[in-house]
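Quick note: residue numbers are just sequence positions, from 1. This structure is a prediction, so every number in the text was calculated from the model and none was measured.
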Amino acid sequence: MNTDLSWVLNDVLEVRGARHAVLVSGDGLLLQRSDEISRDDAETNAAAMSSMQSLSRAVAGFVGAGHGIWKQTLLEYDGGWIFLIAAGQGAYLAVSAALDVDMEAMSFRMQKTVAALSKAMSVAPRSDNGVGV
């Protein structure tokens with residue numbers, strides 16, 4: 001993806017307590033990162049977030065038959081939160097935040113950002129699985 005979407009991540013980081021943001025492809029490639037996170041850390045977390053969304057989708061049926069469509073994953077740690085949502089076809093937005101983040105404000109900001117930019121952030125699936133012929 002050649003489009004610079006750093007301004008999207010900067011908007012999400014306006015929520016008090018937000019720390020880092022990454023935009024990830026479904027196959028774990030880093031599409032964009034916020035300024036506060038190193039490229040190496042962002043790439044490591046991008047791969048992990050791709051796996052996390054896959055796991056979240058796999059267990060979605062656990063909420064009940066017919067009600068298992070994944071919307072968001074929220075992870076709590078001693079030092080804060082990770083929010084993960086779909087950001088268009090084949091893309092995901094992950095944000096880390098402090099423990100005292102306004103969770104409603106963060107979720108709302110992420111949903112609003114994704115809704116407005118879903119088309120710009122969509123990534124088509126790779127047909128060659130990244131291997132050149």
Locate the shortest heavy-atom distance separating Arg39 from Leu30; write the atom from each residue and the value. NH1-CD2, 3.7 Å
Indicate yes or no: at least one non-hydrogen side-chain atom of Asp11 is less than 4.5 angstrom from one of Lys112. no
Are any non-hydrogen side-chain atoms of Asn45 and Ile37 less than 4.5 angstrom apart? yes
Applying side-chain contact (heavy atoms from CB on, under 4.5 Å), run through Leu13 and Glu36 and close with a yes or a no. CA-CA 10 Å; Leu13 294 179; Glu36 301 79 25; 3.3 Å; yes
What distance do Leu9 atom CG and Arg33 atom CZ have between them, rounded to the nearest 0.5 Å? 10.5 Å
Candidate pair Ser38 and Asp40, rule side chain to side chain donor-acceptor pair (under 3.5 Å), full reasoning: CA-CA 5 Å; Ser38 72; Asp40 286 346; 5.6 Å; no
With sequence neighbours excluded, what pairs up with Trp81 under the side chain to side chain donor-acceptor pair (under 3.5 Å) test? none
Given side chains that start at C-beta, do those of Gln53 and Tyr92 come closer than 4.5 Å, heavy atoms only? yes
Please tell me if the side chains of Met103 and Leu74 come closer than 4.5 Å, counting only heavy atoms from C-beta onward. yes
Under the side chain to side chain donor-acceptor pair (under 3.5 Å) test, residues paired with Thr73 that sit two or more places apart: Ser56, Trp70
Quick one: which residue pairs count as a salt bridge (Lys or Arg N to Asp or Glu O under 4.0 Å) with a foot in residues 91-105, not counting sequence neighbours? Arg16-Asp100
What distance do Ser34 atom OG and His20 atom NE2 have between them, rounded to the nearest 0.5 Å? 6.5 Å
